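These notes concern the structure reproduced below.
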There are 2 protein chains.
Amino acid sequence: MLTDYIAKMIEEMLNEGNGTLELQRNEMANRLGCVPSQISYVISSRFTPERGYVIESRRGGGGCIRIVRKQMSRNEYMMHFFCAIGESIDEGETIAYLKNLAGNGLISERELHIAAAATSNAALASIPPDRRNTVRAQIFKQIILSMMAV
Amino acid sequence: MLTDYIAKMIEEMLNEGNGTLELQRNEMANRLGCVPSQISYVISSRFTPERGYVIESRRGGGGCIRIVRKQMSRNEYMMHFFCAIGESIDEGETIAYLKNLAGNGLISERELHIAAAATSNAALASIPPDRRNTVRAQIFKQIILSMMAV
DNA sequence: GCATCTTTGACCTTCCTTGACCTTACAACC
DNA sequence: GGTTGTAAGGTCAAGGAAGGTCAAAGATGC
């Protein structure tokens with residue numbers, strides 16, 4: 001299967017580059033004789049933030065895709081949180097989670113405040129109250145993922 | 001890519017000049033073998049006010065372009081950002097702002113990622129697209145405030 | 001046989017590069 | 001003091017070079 005082959009290839013290149021890699025989508029697709037979007041597919045299905053990768057890209061002339069592998073260590077802990085959040089979460093519970101993370105030294109005090117602000121009722125004031133906890137859960141999940149990544 | 005090269009060049013010249021620089025567009029374009037408007041493009045895409053630069057220019061004989069890297073106090077800087085956000089902001093612009101803050105050492109790389117995640121389209125996926133930028137602005141503002149506080 | 005994962009291709013968005021044309025400043029000349 | 005010539009920089013639109021997205025068709029596994 002092409003996907004596996006490409007994934008293995010990227011994995012190897014990551015090893016060679018000490019966990020960092022920049023590639024050109026078109027160039028690579030050309031070399032492998034596949035369509036460019038295949039590369040996109042592999043990256044989006046295999047090198048996800050959940051699995052500890054950070055992806056950045058730039059379009060236009062000289063564009064490229066950057067893949068960075070982050071060491072998993074405290075990430076399992078984070079993953080636990082991520083799953084625990086569920087579909088919906090209120091402000092108080094969010095803060096409780098954050099305090100837990102801070103208490104365990106997984107995030108700094110400042111990070112706690114930033115995350116609390118981003119998920120506060122103040123930030124979500126314009127969202128109908130009955131939808132607020134759902135949106136908060138989504139934002140919080142993205143935050144947890146970002147904390148795992150770096 | 002030419003753009004990156006020129007940007008790097010200007011950056012260096014700014015460092016040499018303690019954050020100030022005067023250049024002649026035609027002369028520089030000539031030296032680099034590119035069209036003059038390329039210089040304009042680099043300046044307008046890379047050395048923007050959002051990223052903390054002030055641009056002045058003079059036309060006519062002996063004309064020049066003046067680039068100054070602003071340094072403001074932390075809170076001035078933050079306040080500047082807070083005001084600049086306005087009612088609505090898209091994902092890309094948000095990231096540009098955050099990168100500026102990180103570039104100036106006002107927030108850490110991790111904080112950048114957290115804030116970017118909290119304001120990402122992914123986090124706001126369940127919000128109708130036409131309202132997303134408004135909600136993002138509100139979340140971002142709360143984040144900026146939290147950054148000023150600690 | 002249904003669900004899930006792959007593969008492909010058409011179309012979109014972003015970014016870079018170039019060139020034609022516009023505006024402004026200054027200076028020389030009447 | 002106007003007029004005009006020339007030397008800057010400003011603007012904008014077109015074209016090209018990437019990567020992004022998404023839906024449909026094809027495999028594959030249970």
Side-chain angles (χ1 to χ4, degrees), chain A residues 1-11 13 21-51 53-68, chain B residues 1-11 13 21-51 53-68 89-97 99 116 120-126 129-130 132-133:
Chain A
M1 201 170 16
L2 239 186
T3 297
D4 287 342
Y5 180 68
I6 298 174
K8 203 168 297 177
M9 195 160 176
I10 291 179
E11 203 67 61
M13 289 196 282
L21 158 65
E22 277 189 14
L23 60 86
Q24 293 210 277
R25 195 180 76 149
N26 283 354
E27 181 269 333
M28 190 163 177
N30 225 309
R31 230 171 42 204
L32 295 168
C34 66
V35 293
S37 52
Q38 179 83 54
I39 311 291
S40 300
Y41 173 67
V42 174
I43 291 173
S44 69
S45 66
R46 302 285 209 276
F47 298 86
T48 62
E50 287 89 346
R51 300 189 192 194
Y53 297 91
V54 180
I55 310 297
E56 291 168 54
S57 70
R58 233 183 44 200
R59 307 187 186 189
C64 70
I65 301 176
R66 200 152 169 280
I67 306 177
V68 182
Chain B
M1 205 168 15
L2 239 185
T3 298
D4 285 344
Y5 180 68
I6 299 175
K8 203 168 295 175
M9 195 161 176
I10 292 178
E11 202 69 62
M13 290 195 283
L21 159 65
E22 279 189 13
L23 60 85
Q24 294 210 277
R25 194 179 78 148
N26 282 354
E27 181 270 333
M28 190 163 176
N30 225 308
R31 227 171 45 205
L32 295 167
C34 68
V35 293
S37 54
Q38 180 84 56
I39 310 291
S40 301
Y41 172 69
V42 173
I43 291 174
S44 70
S45 66
R46 302 283 211 275
F47 298 86
T48 62
E50 294 91 55
R51 300 189 192 197
Y53 298 91
V54 180
I55 309 297
E56 292 166 53
S57 69
R58 232 183 43 206
R59 307 187 186 190
C64 71
I65 300 175
R66 202 153 169 276
I67 305 177
V68 181
I89 187 170
D90 70 24
E91 192 176 30
E93 215 180 340
T94 306
I95 289 174
Y97 280 164
K99 283 197 172 159
S120 66
N121 285 334
L124 306 178
S126 75
D130 61 311
R132 218 171 273 168
N133 287 348

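Every chain is numbered from 1, with letters handed out A, B, ... down the list of sequences. This is a predicted model, so every value here is computed, not measured.
- Following rounding to the nearest Å, B:Gln24 (CD) and D:dA7 (P) show an atom-to-atom distance of 13 Å.
- Nearest nucleotide to the side chain of A:Arg25, out of C:dG19, C:dT8, D:dT21: D:dT21.
- For C:dT6, neither phosphate oxygen OP1 nor OP2 lies less than 4.0 angstrom from any side-chain nitrogen or oxygen of A:Gln38.
- The distance from the CD1 atom of A:Ile39 to the CZ atom of A:Arg25 is 8.5 Å, given to the nearest 0.5 Å.
- Here C:dT7 presents its P atom at 12 Å from CG of A:Leu32, a figure rounded to the nearest Å.
- Checking side-chain atoms of B:Thr48 against main-chain N and O of B:Arg51 turns up a donor-acceptor pair under 3.5 Å.
- How far CD of A:Gln38 is from CG of A:Leu32: 9.0 Å, rounded to the nearest 0.5 Å.
- Along DNA chain C, the nucleotide nearest A:Ser37 and the nucleotide nearest A:Tyr41 are compared for position; the residue whose nucleotide lies closer to the 5' end is A:Tyr41.
- Under a 3.5 Å cut-off, the side chain of B:Arg132 and the backbone N or O of B:Leu124 do form a donor-acceptor pair.
- Nearest nucleotide to the B:Thr3 side chain, out of C:dT6, C:dT17, D:dG20: C:dT17.
- Computed from coordinates, the B:Glu22 CD to D:dG9 P distance equals 11 Å when rounded to whole Å.
- Taking CD1 of B:Ile55 as the reference point, atom OG of B:Ser44 lies at 9.5 Å (rounded to 0.5 Å).
- OP1 or OP2 of D:dG9 has at least one side-chain nitrogen or oxygen of B:Asn26 nearer than 4.0 Å.
- Taking atom CD1 of B:Ile95 as the reference point, atom P of C:dC15 lies 11 Å away to the nearest angstrom.
- Taking only side-chain atoms of B:Ser40, from C-beta outward, the nucleotide of C:dT17, D:dA18, D:dT11 with the closest atom is D:dT11.
- Looking at heavy-atom distances under 4.0 Å, B:Arg46 makes contact with sugar-phosphate atoms alone, never a base.
- Put simply, CD1 on A:Ile43 and CD1 on A:Ile67 are 4.0 Å apart, with the number rounded to the nearest 0.5 Å.
- Among the protein residues, B:Ser57 comes within range of the sugar-phosphate backbone only, with heavy atoms under 4.0 Å from sugar or phosphate atoms but none that close to a base.
- Within the nucleic acid shown, B:Gly63 comes within 4.0 Å of sugar-phosphate atoms alone, with no base atom in reach, counting heavy atoms only.
- Side chain of A:Arg59, nearest nucleotide from D:dG20, C:dT18, D:dC22: D:dG20.
- Of the candidates C:dT18, D:dG19, C:dT8, C:dT18 carries the atom nearest the B:Val35 side chain, counting heavy atoms from C-beta on.
- Regarding B:Met1, its CE atom lies at a distance of 10 Å from the P atom of D:dA18, rounded to whole Å.
- Atoms CG (B:Asn30) and P (D:dG9) sit 11 Å apart, rounded to a whole Å.
- Residue contacts for B:Ile39: at a heavy-atom cut-off of 4.0 Å it reaches no nucleic acid atom on any strand shown.
- Remark: C1' of D:dA8 and CG of B:Leu23 are 13 Å apart, rounded to the nearest angstrom.
- As judged by a 4.0 angstrom heavy-atom cut-off over every strand, B:Gly92 is placed among residues making no nucleic acid contact.
- The interatomic distance linking A:Ile65 (CD1) with D:dT21 (C1') rounds to 13 Å, in whole Å.
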